[in-house]
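Heads up: the structure comes next, in structure tokens.
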Amino acid sequence: MNTNLQTPIDYLKGVGPNRADLLRSELGIHTFQDLINLFPNRYLDRTKYYKINELQRNSSEVQIIGEIKGFKEVSQKRGKRLVAKFEDQTGTMELVWFKGHKWIRDSLKLNTTYVVFGKANWYNGVFSLPHPEIELLSEHEKNLRSSMQAIYPSTEKLSNKGISNRVLTNIMQSLFIETKGRFSETLSEDLISELKLLSKSDALFNIHFPKSQELLAKAEFRLKFEELFYIQLQLILKNLIHKSKIKGFVFDSVGSYFNSFYKDHLPFNLTNAQKRVLKEIRQDLGSNAQMNRLLQGDVGSGKTIVAFMSMLIALDNDFQACIMAPTEILSVQHYNSLYEWSKKLNISISLLTGSSNTSERRKIHESLENGELQILIGTHALLEDKVKFKNLGLAIIDEQHRFGVAQRSKLWKKNTSPPHILVMTATPIPRTLAMSVYGDLDISLIDELPPGRKSVKTVHRYDNNRLKVFRFIKDEIEKGRQVYVVYPLIQESESLDYKDLMDGYESISRDFPTPKYQISIVHGKMKAADKEFEMQRFVKGQTQIMVATTVIEVGVNVPNASVMIIESAERFGLSQLHQLRGRVGRGAEQSYCILMTSHKLSQDSKTRLETMTRTNDGFEIAEVDLRLRGPGDLMGTQQSGVLNLKIANIIKDKSILQNARFYAKRILDNDPSLGHPKNKTILDTYRKLSKYKNIWNYIS
Ligand code: ADP
Ligand code: MG
């Protein structure tokens with residue numbers, strides 16, 4: 001192949017400087033290579049022609065043969081539109097243009113047969129095609145039409161500037177002519193023959209100009225496989241390199257702290273899942289590689305005690321340990337649980353947050369550096385430069401999605417040699433996604449809730465049923481329970497949210513008057529100390545109702561709270577709803593979650609509410625969430641370029657992903673350096689990808 005695919009797009013026939021600029025700014029196409037990787041969104045049957053009387057109100061793109069019988073200009077609010085009367089044997093419709101009237105009138109002939117193509121609208125009893133693609137039937141017949149014509153991604157600006165799908169198709173064609181359709185192979189012969197893949201050239205040809213349905217399917221498979229394969233290769237390599245290069249501290253002894261806690265102070269029997277995960281962690285800590293593990297467990301699955309017992313192993317080996325949590329409230333909560341347990345073992349433990357005062361800080365800094373302080377818990381205050389450990393052996397990060405990856409690496413640097421890292425998340429990430437996003441972490445899963453948990457009963461109620469809901473709350477309070485009422489907090493309209501919250505608070509105060517009822521309120525505009533004070537009143541049972549914004553979303557543990565009311569539930573995402581619901585159902589009592597909404601609900605909101613009332617399973621909920629929002633939106637994954645997939649879809653192509661991971665792993669197991677001649681193509685491609693794409697450095 002002579003044509004260099006790195007050639008700027010300007011040099012391709014049919015692409016002048018103007019078009020090149022547009023392709024760059026609108027579609028990010030800079031080079032021949034970028035163009036070849038502009039994969040179609042879908043395919044349309046261009047061998048099919050509609051009759052005007054066959055048009056349906058919800059038809060998508062249609063292609064019709066007919067004649068223009070006349071033009072008229074119609075005034076509208078802004079400017080005019082040009083309308084052509086278009087006829088075939090079965091009826092009449094309109095072609096409409098909002099721009100370029102003169103040019104269009106001059107170039108189109110009356111009573112001549114044209115083929116028009118576009119999306120049909122139904123308006124005032126007439127079908128119309130706005131800005132149709134239009135060509136003479138005689139011309140149309142000359143161009144080969146396929147039953148599967150590629151439809152490329154486009155933007156409004158592109159179509160306004162005349163870069164229609166047809167123009168893109170022509171440009172693509174000229175790329176294939178220029179390169180003779182020959183492209184270097186990017187997978188090894190072994191893989192191609194074992195998986196019966198199309199060659200790279202055949203795959204690219206058939207993805208853009210499918211010869212048959214079958215070849216299109218094979219082309220898609222080959223390209224998706226390749227895309228996922230190189231991502232998995234990268235992730236596994238990273239993990240391998242990491243394990244061989246980065247020696248971890250070896251915690252080979254499980255000593256008296258761990259054993260005495262296990263024997264004498266365990267507050268409950270561990271679930272089997274907790275035991276299994278602890279074993280996995282112990283193995284990591286005892287090997288001589290640094291641990292980099294993700295601990296996934298639904299809300300309430302009991303991650304805290306696993307974290308604590310892992311810390312005990314570090315302490316048994318004379319190292320320090322820390323937990324970093326995303327909010328002050330969460331840090332305090334961790335501190336409280338761990339403090340109780342540590343007390344019994346005579347372990348020194350401290351809390352460091354933004355509101356720790358100077359003298360507390362000084363004491364912490366000192367005792368941390370001289371090694372007296374064994375466990376430190378806190379917010380990202382832990383990341384400050386002044387916080388220096390004598391020998392940090394294990395760093396635990398709770399609720400990973402609130403922290404960036406950069407922060408993970410910052411913790412690393414707290415030591416001469418990096419501590420073991422355990423990342424805990426309650427966001428149930430479906431395995432497929434976890435594999436793509438956190439493929440460089442080992443994954444442990446707590447897939448079992450502590451015994452005796454009653455699953456939370458969830459119902460959906462409209463706002464006009466509020467009185468009934470209030471009556472229900474009263475009954476629950478009568479029985480000694482506590483209640484959360486949560487309002488949305490969306491950054492963009494913080495003041496509106498604040499107003500909703502305050503209105504809600506007032507109305508609840510009216511219906512639940514003091515002194516019989518006591519109400520706590522917590523929101524983002526309060527000082528940390530005030531928040532803490534209000535939280536504590538609720539935790540201690542001095543208040544029965546907690547009115548709050550989503551600040552309580554993560555981690556708060558009040559087992560006596562049995563009702564969670566979520567106001568404007570249609571404004572929350574699924575994973576958030578699930579997290580919030582996880583605040584109740586922590587005690588022995590039956591708990592309830594009531595989703596309040598207005599009557600105005602989008603289709604997606606309905607699906608979310610239906611999902612919440614149907615299931616308590618975090619993973620099932622996460623799958624639906626992923627389907628509704630797409631992976632790019634899932635919390636914490638935005639910055640990971642891994643999800644900027646060009647052709648594969650990690651939800652729909654789950655099995656291809658698993659396949660790709662299997663083969664990537666097998667190849668690296670046999671040839672970790674990819675030095676074998678038969679893997680040369682893979683090594684070369686991998687190197688090229690790492691050079692041209694930034695997706696490879698998405699993780700520190
Ligand atoms: P999360 O995984 O959401 O952080 P926690 O660690 O806060 O969950 O645990 C939730 C609650 O369940 C806590 O009150 C904790 O003490 C309790 N718990 C954890 N593990 C068990 C167990 N094996 N048996 C009984 N209760 C448990
Ligand atoms: Mg927790």
Side-chain angles (χ1 to χ4, degrees), residues 261-262 265-279 281 293-312 322-344 351 377-379 396-403 422-429 443-456 482 484 535 538-541 550-562 564 575-589 591 593 616-619 621-622 635:
F261 185 74
Y262 194 79
H265 303 295
L266 216 48
F268 34 69
N269 291 326
L270 297 179
T271 62
N272 287 328
Q274 284 169 322
K275 284 185 198 158
R276 187 188 65 236
V277 166
L278 262 173
K279 209 189 243 168
I281 293 171
R293 188 168 279 280
L294 178 71
L295 173 55
Q296 271 189 281
D298 210 344
V299 276
S301 62
K303 296 183 291 294
T304 316
I305 196 151
V306 172
F308 181 69
M309 292 176 76
S310 309
M311 294 172 118
L312 293 182
C322 71
I323 295 190
M324 184 166 78
T327 63
E328 173 136 8
I329 290 169
L330 254 181
S331 313
V332 172
Q333 189 123 37
H334 276 315
Y335 177 74
N336 290 340
S337 333
L338 269 59
Y339 178 82
E340 288 305 314
W341 297 331
S342 301
K343 206 165 60 182
K344 300 186 172 127
L351 174 70
I377 294 176
T379 54
I396 298 179
I397 306 176
D398 196 11
E399 300 298 344
Q400 148 94 356
H401 59 264
R402 296 292 178 93
F403 294 106
L422 182 68
V423 175
M424 302 198 292
T425 178
T427 308
I429 306 159
I443 299 176
S444 285
L445 179 63
I446 305 186
D447 51 3
E448 181 188 357
L449 292 180
R453 292 275 168 85
K454 290 207 181 80
S455 68
V456 180
Q482 288 166 284
Y484 292 104
M535 279 308 296
F538 188 67
V539 171
K540 289 181 194 142
T550 45
V551 288
I552 61 147
E553 182 186 336
V554 262
V556 197
N557 192 23
V558 182
N560 189 48
S562 67
M564 166 65 65
S575 71
Q576 226 181 351
L577 290 173
H578 180 64
Q579 296 284 331
L580 285 170
R581 179 169 59 184
R583 297 308 108 215
V584 295
R586 302 187 149 228
E589 309 305 327
S591 292
C593 174
N616 273 288
D617 179 340
F619 284 88
I621 290 170
M635 259 192 266

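Since the model is a prediction, treat every value here as computed from it, not as a measurement. Computed over heavy atoms, backbone and side chain alike; hydrogens, waters and symmetry mates excluded. Counting starts at 1 for both ligands and their atoms, following the listed order.
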| query | Okay, side chain of S562, backbone of S591: is any donor-acceptor separation there less than 3.5 Å? | reply | no
For [X], atoms of ligand 1 separated by under 4.0 Å from a heavy atom:
X: T304; result: 4 (O), 5 (P), 6 (O), 7 (O)
X: G300; result: 1 (P), 2 (O), 3 (O), 8 (O), 10 (C)
X: T271; result: 23 (N)

| said: Just to verify, what does T271 make a side chain to side chain donor-acceptor pair (under 3.5 Å) with, not counting sequence neighbours? | reply: Q274
With heavy atoms only and a cut-off of under 4.0 Å, state how [X] meets ligand 1: side chain, backbone, both or neither.
X: R586; result: side chain
X: N269; result: backbone
X: L270; result: backbone

| Can you tell which of T304, L294, L295 makes a side chain to side chain contact (heavy atoms under 4.5 Å, CB included) with M424? |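 Passing option: L295.
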| said: Check for me whether G297 has a heavy atom closer than 4.0 Å to any atom of ligand 1. | reply: no
| Can you name the salt bridge (Lys or Arg N to Asp or Glu O under 4.0 Å) partners of E340, sequence neighbours left out? | K343
| field | K279 atom NZ, neighbour heavy-atom count above 12 within 6.0 Å | value |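 Counting neighbours around NZ of K279, 12 or fewer heavy atoms of other residues, nucleotides or ligands fall under 6.0 Å, so no.
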| task | Take the angle between the ring planes of W341 and F308 and call it parallel below 30°, perpendicular above 60°, tilted in between. | result | tilted
